[in-house]
Undergrad: 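Take this structure, written in structure tokens, and hold onto it; I'll ask about it next.
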Amino acid sequence: MASNQSHPILSKVGIIGAGISGIAAAKQLSGYRPVVFEATDSIGGVWKHCSFTSTKLQTPRCDYEFSDYPWPERDNSAFPSHVEIVEYLHGYATHFDVLKYIQFNSTVVEIRYVGDHHSDNTAEYGSLLKGHTVWEVSVQNNQSKTIEWYAFEFLVVCIGKYGDVPRMQSFPPNRGPDVFSGKVLHSLDYCKLNKDAARSLHEGKKVAVVGYRKSAIDLAVECAEANQGPDGQPCTMVIRTLHWTVPSYRIWGLPFFLFYSTRSSQFLHERPNQSWFRNLLLPLLSPTRKAISKFIESYLLWKLPLVKYGLKPDHPFLEDYASCQMAILPENFFTEADKGKILFKRASKWWFWSGGIEFEDNTRLEADVVILATGYDGKKKLQALLPEPFTSLMVDSSGIMPLYRRVRRLRIRAKGTLALSSGKWLSGMSRLVFRKRSRERGTIHPLIPNMAFVGFVESVSNLHSAEIRSKWLARLADGLFKLPSVGKMLDQTTKEIQVMKRTTRFYKRHCISTFSINQSDEICEEMGWSSWRKKNWLLEAFSPYTSQDYI
């Protein structure tokens, strides 16, 4: 549908998405009266629109809260449900009057880069906001279907990596879902079912759940609970890659934070920009890192029947923690497995046949319903949103989305080739020459001007990561600090990716859990804050860091 206006609506800051990252960014950038586009009718993101009946928070609530808005019952040891989390987020948005900035039922359908019309020759800048339009955004109202254009100096993308675009595997010819006589759906489709519809889908049915991360585990439990009694059918989990799961946040009676979430524990792990002394010391600390991982594994193997069901991963626990893939088990998961209501099938390759799933060992699994808990494709989600030439820059040669905590501007000189100021050719639609300063902060892509990405770096608490990066972004927009050189930006980027690669085989998830405190330190230092936030050195060394330390 054509636009109903002749000129774009002008604003300084635009934000796409009203999940935890979007409302955090809106609150911190409220001085610029941002315009927030939310495609649905509610805030909450995946907590509102991509959760099951059984979905709960994976961390204690006191580790998942805004610095200036504590949970009403923050010491409650129970993990809050997705409904409670949405209520908490709504309370935050209401308390800080963020809702007035949000345009609900507003879907972004196109983004245009127009910043090349306003180039200058200055080599430095103090603020992201330069007084001219850089991005134009086309937004469709989901109810009236009318389209309006908006113009922004700065655009913040907060759509996250999850939801919207399911990750789907490819199948051999004539072995895809079309040959299956039953029902196939992705966990994204399952999220849209109400409690009764979900139960009806499982009840009395032979259900196969593909996957073994948190969503797949929750789905298997819901399926088992719907199939109690003599007529109930078992649910079979089809597992390609095993991951470590934990029953609670205590290991042999010790709180889990002692192992990875304090300064003393993170001192054992590699981090970007570490000193020459730490480079020498790190190999000597390797036995301690391995011992901690083995210590946790010994507890899990004692507490859970992982060997009995063939669910012991081949890789160390540390690799799952370092990639943010450690899942908290529902209390009754193995209880249902012991009753025969949850079965397990290991398979690296599989495809459909008319009656269910067939595996590479020529065995078959009969099924009435197949639920694909195979995750989401955050890369395609972003690529569908951005215009060329920026779409092709969203994934580097190693398959990582190169999203950084950096901000800088680009200069578009002419049609041709994408280049760094150093003359190193990168290929693309335009010749982009860096003229500004940059710094990695898990927030901005170094090749996309005047655009930030909040909510794409994973950590133990994604809410805290989003909030502190939003604070950093707001202060950068205010011109309260400047950024380092492009050379340092590129060097920092390489270092962080190398650290992830050396720590875990699952490095493409871009998780900073083993050096999260160090990253927060760097963010604080750039904002002019003290990096040490505790009252004394003993707390600094052995107590966990939470959002409350960054008020």
Undergrad: If the condition is side chain to side chain contact (heavy atoms under 4.5 Å, CB included), which residues does Val108 pass it with, not counting sequence neighbours?
TA: Ile16, Phe37, Ile111, Val137, Val139, Leu385
Undergrad: Rounded to the nearest 0.5 Å, how far apart are CD of Gln383 and NZ of Lys380?
TA: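 Here the rounded value is 8.5 Å.
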Undergrad: Would you verify whether the NZ or CZ of Arg502 falls within 45 degrees of the ring axis of Tyr507 while also being under 6.0 Å from that six-membered ring's centre?
TA: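 Not flagged: Arg502 not positioned over aromatic ring of Tyr507.
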Undergrad: For Arg213, give me all partners under side chain to side chain donor-acceptor pair (under 3.5 Å), at least two apart in sequence or on another chain.
TA: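 Expected list: Gln325.
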Undergrad: Does a side-chain heavy-atom distance below 4.5 Å link Leu300 with Pro247?
TA: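 Side-chain contact under 4.5 Å: yes.
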Undergrad: Is Lys381 salt-bridged to Asp164, going by a charged N under 4.0 Å from an acidic O?
TA: yes
Undergrad: Applying ring pair (Phe, Tyr, Trp, His ring centres under 6.0 Å) between Trp135 and each of Phe152, Trp149, Tyr113, report the one that passes.
TA: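 Testing each of Phe152, Trp149, Tyr113 against Trp135, the sole residue satisfying ring pair (Phe, Tyr, Trp, His ring centres under 6.0 Å) is Tyr113.
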Undergrad: Tell me, do Trp472 and Ile523 make a side-chain contact under 4.5 Å, heavy atoms counted?
TA: yes
Undergrad: Do the two ring centres, one from Phe295 and one from Tyr299, sit under 6.0 Å apart?
TA: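 No: the rings miss the under 6.0 Å criterion.
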Undergrad: Looking at His269, is its backbone amide N or carbonyl O close enough to the side chain of Arg289 to form a donor-acceptor pair, meaning the two atoms are under 3.5 Å apart?
TA: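 Answer holds: no.
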Undergrad: Is Glu540 salt-bridged to Arg533, going by a charged N under 4.0 Å from an acidic O?
TA: no
Undergrad: Parallel, tilted or perpendicular: which one describes the rings of Phe317 and Phe256, with boundaries at 30° and 60°?
TA: perpendicular
Undergrad: For Asn279 and Gln274: C-alpha separation, side-chain torsions, deciding distance, then whether side chain to side chain donor-acceptor pair (under 3.5 Å) applies.
TA: CA-CA 7 Å; Asn279 283 330; Gln274 63 188 17; 2.6 Å; yes
Undergrad: Assess whether side chain to side chain donor-acceptor pair (under 3.5 Å) is satisfied between Gln140 and Thr107, documenting all intermediate values.
TA: CA-CA 5 Å; Gln140 177 178 276; Thr107 301; 5.7 Å; no
Undergrad: Do Gln548 and Thr546 have side-chain atoms, one donor and one acceptor, less than 3.5 Å apart?
TA: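 Short answer, no.
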Undergrad: Looking only at heavy atoms, what is the nearest atom pair of Tyr64 and Trp71, with distance?
TA: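 Distance-wise, the nearest heavy atoms are O-NE1, 2.8 Å.
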Undergrad: May I have the step-by-step check of side chain to side chain donor-acceptor pair (under 3.5 Å) for Tyr545 and Asp521, ending in yes or no?
TA: CA-CA 11 Å; Tyr545 260 87; Asp521 287 349; 5.3 Å; no
Undergrad: What closest approach, in Å, do Ser67 and Ser547 show between heavy atoms, and which atom pair accounts for it?
TA: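 Reported closest heavy-atom pair: CB-O, 3.1 Å.
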Undergrad: State which residues pass disulfide bond (SG atoms under 2.5 Å apart) with Cys511; sequence neighbours excluded, sorted by chain then number.
TA: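 With sequence neighbours excluded, Cys511 shows a disulfide bond (SG atoms under 2.5 Å apart) to Cys324, given in chain and number order.
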Undergrad: Considering all heavy atoms of both residues, which atom of Tyr101 and which atom of Pro34 are nearest to each other, and what is their separation?
TA: CB-O, 3.3 Å
Undergrad: Which residues pass the side chain to side chain contact (heavy atoms under 4.5 Å, CB included) test with Lys48, not counting sequence neighbours?
TA: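 Only Ser42, Val86 meet the side chain to side chain contact (heavy atoms under 4.5 Å, CB included) criterion with Lys48.
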Undergrad: Using ring pair (Phe, Tyr, Trp, His ring centres under 6.0 Å) as the criterion, list what pairs up with His243, not counting sequence neighbours.
TA: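 Here the qualifying residues are His315, Phe506.
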Undergrad: Is it the case that Ser461 and Asp63 place a side-chain donor and acceptor less than 3.5 Å from each other?
TA: no
Undergrad: Parallel, tilted or perpendicular for Tyr69 and His95, by the 30°/60° rule?
TA: tilted
Undergrad: Looking at Lys214 and Ile328, would you say the former's side chain and the latter's main chain have a donor-acceptor pair under 3.5 Å?
TA: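 The answer is yes, because a donor-acceptor pair under 3.5 Å joins these two groups.
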Undergrad: Any salt bridge linking Lys27 with Asp68? Criterion: basic side-chain nitrogen under 4.0 Å from a carboxylate oxygen.
TA: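 Result for this pair is yes, salt bridge flagged.
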Undergrad: Specify whether Phe52 and Tyr190 have parallel, tilted or perpendicular ring planes, treating 30° as the upper limit for parallel and 60° as the lower limit for perpendicular.
TA: perpendicular
Undergrad: I'd like to know if the side chain of Asn518 pairs up with that of Gln266 as donor and acceptor (distance under 3.5 Å, no hydrogens or angles considered).
TA: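 Note: Asn518 and Gln266 side chains miss the donor-acceptor criterion.
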Undergrad: If you measure from the Lys or Arg side-chain nitrogens to the Asp or Glu carboxylate oxygens, is any gap between Glu467 and Arg469 under 4.0 Å?
TA: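 No, this pair does not count.
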Undergrad: Nearest 0.5 Å, what's the NE2-CD1 distance between His90 and Ile43?
TA: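 Answer for the NE2-CD1 pair, His90 versus Ile43, is 5.5 Å.
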Undergrad: Taking the cut-offs as 6.0 angstrom to the six-membered ring centre and 45 degrees off its axis, would you call Lys56 and Phe79 a cation-pi pair?
TA: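 Judged by the rule, Lys56 and Phe79 form no cation-pi pair.
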Undergrad: Just by modelled atom types, is the Ala373 backbone N or O under 3.5 Å from a matching donor or acceptor in the Ser187 side chain?
TA: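 Not at all, since once roles are kept as given, no pair shorter than 3.5 Å links the two residues.
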Undergrad: Compare every heavy atom of Lys471 with every heavy atom of Ile551, then report the nearest pair and how far apart it is.
TA: CA-NZ, 4.3 Å
Undergrad: Going by ring pair (Phe, Tyr, Trp, His ring centres under 6.0 Å), name the residues that satisfy it together with Tyr162, two or more places apart in sequence or in a different chain.
TA: none
Undergrad: Side chains of Gln103 and Tyr150: donor-acceptor distance under 3.5 Å anywhere?
TA: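 Note: Gln103 and Tyr150 side chains meet the donor-acceptor criterion.
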Undergrad: So, Asp97 side chain and Thr94 main chain: donor-acceptor pair closer than 3.5 Å or not?
TA: no
Undergrad: Would you say the side-chain atoms of Ser513 and Ser516 include a donor-acceptor pair closer than 3.5 Å?
TA: no
